[in-house]
Amino acid sequence: MKKSTLLLAGLFALGTAHADEGMWTLFNLPDAVYDQMVNEGFQLPCDMLYNSPNAISNYVVNFSGFCSGVVVSPDGLVFTNHHCGFGAINAHSTVEHDYMLNGFYAKDFSEELPNENMFVSFMKKQEDVTARVNALIAGKSLEEQGGIIDSLSNYLTDSIKTVDKTLHIEIGAFYEGNKYFATTYQDFTDLRLVFTVPKSMGKFGGETDNWMWPRQTADFSVFRIYADPKTNGPAPYSKDNVPYHPEHWAPVSLEGYKDKDFAMTIGYPGSTSRYLSSYGIQEKRDVENSIRVQARDIKLAIMKKYMDASEKTRIQYEDKYVGAANYWKNAMGMNKCIDSIGLVRQKAEYETKIQNWLNSQTTKDASVNVDFGKLSKLYADRKPSYIASNYWMESFWKTSEFFKRSLDILRGAVEVQGPKDDETKQYMQFKDNSDEWNLALDKEMTAAMLKNYAAKVPADFLPGFYEEINSKFGGDYTKYTEWLYKKSNLLKKDYKFFNNEKTTSDPGILLGIELMKVYAKMGETLATAQEAIQNEEKKLCEAKVQMEMDMPHYSDANFTMRLSYGQVGGYMMGQYNSGYYTAAESIVEKMKRANEVEEYKVEPIMHELMTAKDFGKYQDKTTGKMQLCFLTNNDITGGNSGSPMFDGKGRLIGLAFDGNWDSLSSDINFDRRLARCIGVDIRYVLFLMDKWGHADRLLKEINAK
């Protein structure tokens, strides 16, 4: 039996549902995985996935380093999620022109809005460079290894730029550092906002429905890539740039899908830890997730109080609030899933299986000989410092403008200005961003985070200024904060910080110094522990792969392009069948509950559109319904947001935007029975572009069939 057939037999032995798990790299997709895709309904040759001129991977993009997207037209239109475009939409919004609240449609190219610090990145090539990297990093510390890999990435980038100056290469660790792949990218940095629905629809259901099913959210936004008019290649923003003309783009389908139809996502999942030990999972539950929930309970309540009181403040903080709330709820859901399925126990039992396998090996292999006793002790020993560092990040890292400036000025994040030949006249100065934050909110956030940190960490991790809070202010964090904001120059408009005693004695700068000192203290302990932990976790991963060598194994997600496949379909929610799609009448029922749930409130026109008697070509021909969102058992995690969802013919049928509640442990464990990917139906997207936006020029450009 040839190897691919043997692997396929292994997949079937565990049931076809097993094949739905996996975030597969495309350049080395196992034969068994492709064969299983075909068995489930994929109808294209393998080279249509990767490494051919018209491969699907050629028009899937990394969207700004935190999401995914897909090119859907000959003029460079890109579909992604509304929540992926949220920051850009929010940045263009003002009280007078609130695109977040009212939506936006550029009626011609001249109205399309440029965005700072946004990009799309195309993956051009990926290859295995493990042997080359291992030869360079052998015997080096973790820190040294990072520097060597960065240097090699730079060297390879310099080399490829002699062929094409628009390309660059990144080397990433896969399989817990047992493999290294080099990926070639091309970035386009002139990305413009073209279309978005109002937030009421783009984020319909808000945090109430986040990570839940059923869903009706129209989670999409539309951008356009602009290029150099002479080369059709990447170029910095210029009014002279023109729409990018790709060689190929995703065909958009109006045919829809049926229950058990093949479905595939290709995108850039951010981070998973499915090879993580039981000790690591316990740490994630008890430290990372628990601290995130506890601290963000406080932060979110403060932001919401001020956002509800002022439209200006709502616009200022909406992006930050949504980002914080998303992973706050994710952490709660993950911990619930970990406990409900007994994941720590399950993983410990599996580790016993690995230990028995190791004991049975006649030849000992240092690369797999994980020491579980040592691993347990390493996690236990670092726990106090790890708790403190997580509270430090949640409390002080970019939580208030004051904390942000205090740390930025010390870590070199503020440009030094003045004459280069005279240090006494050099200075640092913050740009005036007073329209981006609220002073009263900032003060309350600073005081609350100072208080919460002190209550949660051991005394030896408290910065020195806490002695002053207790001795001079009687432990009153509000009084201390008022004094701090009054005496420090950090928030003064146009203030210049020269390299002199006045700067070094500023109480805000002194606060930052103390914060950096205590974080460095934690870091020394954590860095040593992390290197030892990573070494054992690396062995554990390799032991699993070798023990199950007859099975294909995918690497944890690391924001490189991955493929996931499976079928359209629902799941059992207790005694209730979830169904595999939602229809227009379901969103109307939620709209009627707007007095009970604020996040179900929409504009009257949306209610009118969703109660139409005839949805025309956007209505599903099989069910007769206007279908809004749908479920597949594709593997999904953060970063997959905006990933195109394809049918068996490689046609775009939706955009992935969320997982269900039972998928929240998927970063560390994929539950084949319950985990589901939620996508917005592409027909719902086109319907709103048509009937609400009247975006005829875009619809003609997309040419859905």
Side-chain angles (χ1 to χ4, degrees), residues 133-134 136-154 170-180 270-273 275-292 295 366-367 370-398 403 406-408 410-413 453 456-464 512-542 556 558-559 667-668:
V133 171
N134 282 345
L136 294 171
I137 65 173
K140 305 296 184 182
S141 70
L142 200 60
E143 184 177 356
E144 290 171 331
Q145 289 178 22
I148 291 168
I149 292 170
D150 285 345
S151 296
L152 180 57
S153 296
N154 293 335
E170 296 178 8
I171 297 176
F174 291 71
Y175 298 96
E176 304 301 308
N178 288 292
K179 295 282 187 181
Y180 291 91
S271 176
T272 56
S273 303
Y275 293 97
L276 189 65
S277 66
S278 59
Y279 314 106
I281 293 172
Q282 188 167 345
E283 180 183 76
K284 183 176 283 289
R285 180 192 66 187
D286 297 343
V287 180
E288 294 176 27
N289 290 344
S290 295
I291 290 173
R292 181 176 294 136
S367 71
V370 55
D371 185 335
F372 288 107
K374 179 180 180 180
L375 193 56
S376 174
K377 187 175 187 305
L378 286 168
Y379 274 107
D381 288 348
R382 84 164 181 177
K383 188 174 182 179
S385 294
Y386 199 57
I387 288 173
S389 69
N390 274 265
Y391 269 116
W392 190 99
M393 291 298 295
E394 285 290 339
S395 301
F396 306 124
W397 185 250
K398 299 182 179 180
F403 284 144
S406 177
L407 295 172
D408 279 355
L410 293 168
R411 66 188 187 92
Y453 181 82
K456 296 296 181 180
V457 304
D460 55 343
F461 290 113
L462 291 179
I513 291 170
E514 292 299 317
L515 286 175
M516 296 286 270
K517 280 182 181 178
V518 77
Y519 192 69
K521 177 182 176 182
M522 301 169 199
E524 291 174 5
T525 302
L526 293 174
T528 302
Q530 182 57 32
E531 184 156 356
I533 286 171
Q534 187 168 318
N535 188 46
E536 295 302 320
E537 293 279 7
K538 178 180 178 180
K539 293 177 185 177
L540 177 58
C541 173
E542 184 63 16
D556 271 322
N558 57 0
F559 211 68
D667 282 3
I668 48 180

Peer 1: Could you state the interatomic distance from CG (Asp667) to CD1 (Ile281), rounded to the nearest 0.5 Å?
Peer 2: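 The CG atom of Asp667 sits 11.0 Å away from the CD1 atom of Ile281.
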Peer 1: Please name all residues satisfying side chain to side chain donor-acceptor pair (under 3.5 Å) with Gln534, sequence neighbours left out, ordered by chain then number.
Peer 2: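 For Gln534 there are no side chain to side chain donor-acceptor pair (under 3.5 Å) partners, ignoring immediate neighbours.
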Peer 1: Would a distance-only check, ignoring hydrogens and angles, find a side-chain to backbone donor-acceptor pair under 3.5 Å from Asn178 to Lys538?
Peer 2: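 Judged by distance alone, yes, a pair lies under 3.5 Å.
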Peer 1: Can you name the closest pair of heavy atoms from Glu531 and Ser141 and give their distance?
Peer 2: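 Taking Glu531 first and Ser141 second, the nearest heavy atoms are OE2-CA, 3.2 Å.
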Peer 1: Can you tell me how far CD1 of Ile148 sits from CG of Leu152, rounded to the nearest 0.5 angstrom?
Peer 2: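 If we round to the nearest 0.5 Å, Leu152:CG and Ile148:CD1 are 9.5 Å apart.
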Peer 1: Return the minimal non-hydrogen interatomic distance between Ala388 and Val457, and the atom names on each side.
Peer 2: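 Distance-wise, the nearest heavy atoms are CA-CG1, 4.0 Å.
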Peer 1: Judged by atom type as modelled, is there a donor-acceptor pair below 3.5 Å linking the side chain of Gln145 to the main-chain atoms of Lys140?
Peer 2: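 Checking the backbone N and O of Lys140 against the side chain of Gln145, a donor-acceptor pair under 3.5 Å is found.
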Peer 1: Applying ring pair (Phe, Tyr, Trp, His ring centres under 6.0 Å), can you list everything that pairs with Phe559, at least two apart in sequence or on another chain?
Peer 2: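 Ring pair (Phe, Tyr, Trp, His ring centres under 6.0 Å) list for Phe559, sorted by chain: Tyr268.
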Peer 1: Sequence neighbours left out, what passes side chain to side chain donor-acceptor pair (under 3.5 Å) with Tyr175? Give chain and number order.
Peer 2: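 With neighbours one apart ignored, the set is empty.
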Peer 1: Going by the rule salt bridge (charged side-chain N to carboxylate O under 4.0 Å, His left out), which residues pair with Lys539 if we only count those two or more places apart in sequence or in a different chain?
Peer 2: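 Partners of Lys539 by the salt bridge (charged side-chain N to carboxylate O under 4.0 Å, His left out) criterion, ordered by chain and then number, come out as Glu536.
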Peer 1: Roughly how far, to the nearest 0.5 Å, is the OG1 atom of Thr528 from the CD1 atom of Ile533?
Peer 2: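 Here the rounded value is 10.5 Å.
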Peer 1: Can you name the residues that form a ring pair (Phe, Tyr, Trp, His ring centres under 6.0 Å) with Phe403, not counting sequence neighbours?
Peer 2: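 Only Phe396 meet the ring pair (Phe, Tyr, Trp, His ring centres under 6.0 Å) criterion with Phe403.
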Peer 1: Holding to side chain to side chain donor-acceptor pair (under 3.5 Å), I want the full list of residues that pass it with Ser367, two or more places apart in sequence or in another chain.
Peer 2: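 If we apply the side chain to side chain donor-acceptor pair (under 3.5 Å) test to Ser367, skipping adjacent residues, the hits are Asp365.
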Peer 1: Among residues at least two apart in sequence or on other chains, which ones pass side chain to side chain contact (heavy atoms under 4.5 Å, CB included) with Ser273?
Peer 2: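 Testing Ser273 for side chain to side chain contact (heavy atoms under 4.5 Å, CB included), a comparison that skips the adjacent residues, returns Leu276, Ile668.
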Peer 1: Name the atoms and distances for all side-chain donor-acceptor pairs under 3.5 Å in residues 376-387, with sequence neighbours left out.
Peer 2:
{"residue": "Lys377", "atom": "NZ", "partner": "Asp381", "partner atom": "OD2", "Å": "2.7"}
{"residue": "Tyr379", "atom": "OH", "partner": "Glu537", "partner atom": "OE2", "Å": "2.7"}
{"residue": "Arg382", "atom": "NE", "partner": "Glu283", "partner atom": "OE2", "Å": "2.9"}
{"residue": "Arg382", "atom": "NH1", "partner": "Gln530", "partner atom": "OE1", "Å": "2.8"}
{"residue": "Arg382", "atom": "NH2", "partner": "Glu283", "partner atom": "OE1", "Å": "2.6"}
{"residue": "Arg382", "atom": "NH2", "partner": "Glu283", "partner atom": "OE2", "Å": "3.4"}
{"residue": "Tyr386", "atom": "OH", "partner": "Glu288", "partner atom": "OE2", "Å": "2.6"}

Peer 1: For a quick test of your reading: what N or O donor-acceptor pairs under 3.5 Å do the side chains of residues 512-522 make, sequence neighbours left out?
Peer 2:
{"residue": "Glu514", "atom": "OE1", "partner": "Gly464", "partner atom": "N", "Å": "3.1"}
{"residue": "Lys521", "atom": "NZ", "partner": "Asp460", "partner atom": "O", "Å": "2.8"}

Peer 1: Not counting sequence neighbours, which residues clear side chain to side chain contact (heavy atoms under 4.5 Å, CB included) with Asn134? List them please.
Peer 2: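 Scan of Asn134 (side chain to side chain contact (heavy atoms under 4.5 Å, CB included), adjacent residues dropped) gives Thr130, Ile137, Tyr180.
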Peer 1: Minimum heavy-atom separation for Leu540 to Val370, with atom names?
Peer 2: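 Here Leu540 and Val370 meet closest at N-CB, 4.1 Å.
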Peer 1: Please round to the nearest 0.5 Å and tell me the distance separating atom OG of Ser389 and atom CD1 of Ile291.
Peer 2: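 Atom-to-atom, Ser389:OG and Ile291:CD1 are 7.5 Å apart.
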Peer 1: Do Met393 and Asn390 pass the side-chain contact (heavy atoms from CB on, under 4.5 Å) test, and can you show the C-alpha distance, the side-chain angles, and the key distance before you say yes or no?
Peer 2: CA-CA 5 Å; Met393 291 298 295; Asn390 274 265; 5.9 Å; no
Peer 1: With sequence neighbours left out, write down each residue that passes side chain to side chain donor-acceptor pair (under 3.5 Å) with Ser151, or none if nothing qualifies.
Peer 2: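 Side chain to side chain donor-acceptor pair (under 3.5 Å) list for Ser151, sorted by chain: empty.
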Peer 1: Tell me, please, which residues at least two apart from Ser278 pass side chain to side chain contact (heavy atoms under 4.5 Å, CB included).
Peer 2: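 Ser278: side chain to side chain contact (heavy atoms under 4.5 Å, CB included) contacts with Val344, Lys347, Ala348, Glu351.
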